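Since the structure comes first, as structure tokens, the remarks are kept for the end.
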There are 2 protein chains.
Amino acid sequence: MLKSAIKELPKRYRTNFVNSLSGFKSGNLIGTISPDGQENLAIFTSVVHLGANPALMGFIMRPVSVPRHTYENIIATNSFTINHVHLDFYKKAHQTAARYDRAISEFAAAGLTPFYSENVKAPFVQESKVKIGLSFVESLEIKANGTQMIIGAIEEVLVAPQLIMPDGYLDLEKAGTVAVSCLDGYHQTQKLARLSYAKPDREPEEIGHEIL
Amino acid sequence: MLKSAIKELPKRYRTNFVNSLSGFKSGNLIGTISPDGQENLAIFTSVVHLGANPALMGFIMRPVSVPRHTYENIIATNSFTINHVHLDFYKKAHQTAARYDRAISEFAAAGLTPFYSENVKAPFVQESKVKIGLSFVESLEIKANGTQMIIGAIEEVLVAPQLIMPDGYLDLEKAGTVAVSCLDGYHQTQKLARLSYAKPDREPEEIGHEIL
């Protein structure tokens, strides 16, 4: 299908189709708080790893010309949290995408629990087994469509030790973290393998946690 | 774990740990060609959706101070392809991460087949059931670590019609697309549900393709 045909697709069809093309996505809840204490929580499927040292993560936000509580809170407080969505509460997480009034906390509306640490201003999601607190670093505008990439530095990670393998790999399946497709598809996963570091002179081998 | 502790982790442990934090990732092969016809193929786990109209996708590249054949080819030819990694060739896809000399085509080294369309200069991966051809739009630098976000406009999508549901949703499971964790974990998926568009006054419902 060529660009010209994609442009002519019915809007909802095009949205679903193009949103599907990147493959599986992460499912994360981003928690923020306004300067006057109003909590906000919203699901994002665009969180990406940007670097390990310094530890940086980013996510994509649609144009900020329409009010975005998450964006406003991040700019105002310099703080946000990223929290994994798991099998046991993905429907609650999905519900945070509804357009609630600013005065409504999506935590309460969706039935999730805010959790505060001493080191991060924004609220974490207590139900999440992988909680990441970040400080705002910069925002990059994608000129072609006015979308923003929000970049944060990791300030604190709260994760149960039993989810961390001896080499630092997080067992996302043990955590029950979901994968997302398109705008509304939620999936559980089953590990095929971890593969050894790729080198030109040999084929990749499956590696087990027991040998790490 | 606080920022200061993350910084002190052994390098490999830190790399695995921080790379795990974003959750599940897409697995895609990016195909390019140099002006003199040298093909290049590399696996990326950072491809993200940026917008449906215009249809835009992006991915993250590490600093370009070290030679990156993919980046150089995109800048030189204005063209690249994104191709889903599937269950039946994820080990071959992983192998493209090895540091081959410029004169070696990762297609040949990994045992994958280049495929050319009339509309896109860069090579697709014939084995991939979801092939996307893009033109280079812009490159954004993340100042905090010199990483680049490469942005492309979708010029052509090659996908089997039977993978597209009536509302435009792509059935990634039917395609056999994998999800990736950390740097080296490959996963198959099992759909939990697609959920209805979130609205403040009702709980999300599971939607079936049959009713769309």
Side-chain angles (χ1 to χ4, degrees), chain A residues 1-3 6 13-24 26 28 46-52 55-56 84 91 94-95 97-98 100 132 137 140 142 144-145 147 151 155-157 167-170 172 177 179 181-182 184-195 198-200 204, chain B residues 1-3 6 13-24 26 28 46-52 55-56 84 91 94-95 97-98 100 132 137 140 142 144-145 147 151 155-157 167-170 172 177 179 181-182 184-195 198-200 204:
Chain A
M1 193 184 305
L2 289 174
K3 184 180 198 168
I6 293 170
Y13 188 105
R14 181 179 59 226
T15 300
N16 285 333
F17 183 63
V18 182
N19 266 281
S20 296
L21 292 176
S22 57
F24 286 105
S26 56
N28 284 293
S46 58
V47 170
V48 287
H49 167 81
L50 293 178
L56 299 170
H84 282 203
K91 290 185 182 179
H94 185 77
Q95 185 63 20
Y100 291 102
I132 307 150
V137 172
L140 297 178
I142 293 150
N145 68 353
T147 295
I151 297 159
E155 297 294 334
E156 184 174 23
V157 178
D167 68 344
Y169 173 94
L170 257 185
L172 301 182
T177 298
S181 61
C182 192
D184 53 22
Y186 294 86
H187 306 255
Q188 58 185 337
T189 63
Q190 192 172 7
K191 189 170 80 172
L192 297 160
R194 285 186 70 189
L195 297 181
K199 294 190 174 176
Chain B
M1 194 185 302
L2 289 174
K3 184 180 197 167
I6 294 170
Y13 187 106
R14 181 179 58 224
T15 300
N16 284 333
F17 183 63
V18 182
N19 266 281
S20 295
L21 292 176
S22 58
F24 286 106
S26 56
N28 284 292
S46 58
V47 170
V48 288
H49 167 82
L50 294 177
L56 300 171
H84 282 204
K91 290 185 182 178
H94 185 76
Q95 186 62 19
Y100 291 102
I132 308 151
V137 172
L140 297 178
I142 294 148
N145 68 352
T147 295
I151 297 159
E155 298 294 333
E156 183 174 24
V157 178
D167 69 343
Y169 174 93
L170 257 186
L172 300 182
T177 298
S181 61
C182 192
D184 54 22
Y186 294 86
H187 306 255
Q188 59 183 26
T189 63
Q190 191 172 7
K191 189 170 79 172
L192 297 160
R194 284 186 70 190
L195 297 181
K199 294 191 173 176

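Letters A, B, ... are given to chains in the order of the sequence lines, protein chains preceding strands, and every chain is numbered from 1. Values in this document were obtained by computation on a predicted structure and should not be read as measured data.
- Side-chain contact between A/Asp184 and B/Tyr169 is present, with heavy atoms from C-beta onward closer than 4.5 Å.
- When B/Leu50, B/Asn19, B/Leu140, B/Ile6 are compared by the number of non-hydrogen pairs under 4.5 Å with chain A, B/Asn19 comes out ahead.
- The contact between B/Ile142 and chain A is made by backbone and side chain atoms together, counting heavy-atom distances below 4.5 Å.
- Here the closest non-hydrogen pair linking A/Gly168 and B/Ser20 is O-OG, 4.3 Å.
- For A/Tyr13, there are no ring pair (Phe, Tyr, Trp, His ring centres under 6.0 Å) partners at least two apart in sequence or on another chain.
- Between B/Leu172 and A/Ser181 the shortest side-chain heavy-atom distance falls below 4.5 Å.
- Chain A forms the most heavy-atom pairs under 4.5 Å with one residue out of B/Leu195, B/Thr177, B/Ile151, and that residue is B/Leu195.
- Contact annotation for B/Leu2: both backbone and side-chain heavy atoms come within less than 4.5 Å of a heavy atom of chain A.
- When each of B/Thr15, B/Ile132, B/Val137 is scored by its heavy-atom pairs under 4.5 Å with chain A, the top score falls to B/Ile132.
- Within the 4.5 angstrom heavy-atom criterion, atoms from both the backbone and the side chain of B/His94 approach chain A.
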So B/Thr147 and A/His49, side chain to side chain contact (heavy atoms under 4.5 Å, CB included) or not? Walk me through it. CA-CA 11 Å; B/Thr147 295; A/His49 167 81; over 6 Å; no

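- Here CG of B/Asn145 is found 5.0 Å from CG of A/Leu56. Values are rounded to the nearest 0.5 Å.
- Put simply, of A/Gln188, A/Glu156, A/His84, A/Arg14, the one with the most heavy-atom pairs under 4.5 Å next to chain B is A/Gln188.
- Looking at heavy atoms from C-beta onward, A/Asn16 lies in side-chain contact with B/Arg194 at the 4.5 angstrom threshold.
- Between B/Val48 and A/Ser22 the shortest side-chain heavy-atom distance does not fall below 4.5 Å.
- Nearest heavy atoms, B/Lys191 versus A/His187: CA-ND1, 3.6 Å.
- With a threshold of 4.5 angstrom between heavy atoms, B/Lys91 approaches chain A through its backbone and through its side chain.
- Looking at every heavy atom in both residues, A/Lys199 comes nearest to B/Ala98 through C-CB, 3.4 Å.
- Annotation: maximal heavy-atom pairing with chain A below 4.5 Å, among B/Phe17, B/Tyr100, B/Phe24, occurs at B/Phe24.
- Interatomic distance, CD of B/Gln190 versus CD of A/Gln190, reported as 7.0 Å (0.5 Å rounding).
- Interface remark: B/Val47 contributes backbone and side-chain atoms alike to the contact with chain A (heavy atom separation under 4.5 Å).
- Between chain A and the options B/Pro204, B/Ala55, B/Gly51, heavy-atom pairs under 4.5 Å are most frequent for B/Pro204.
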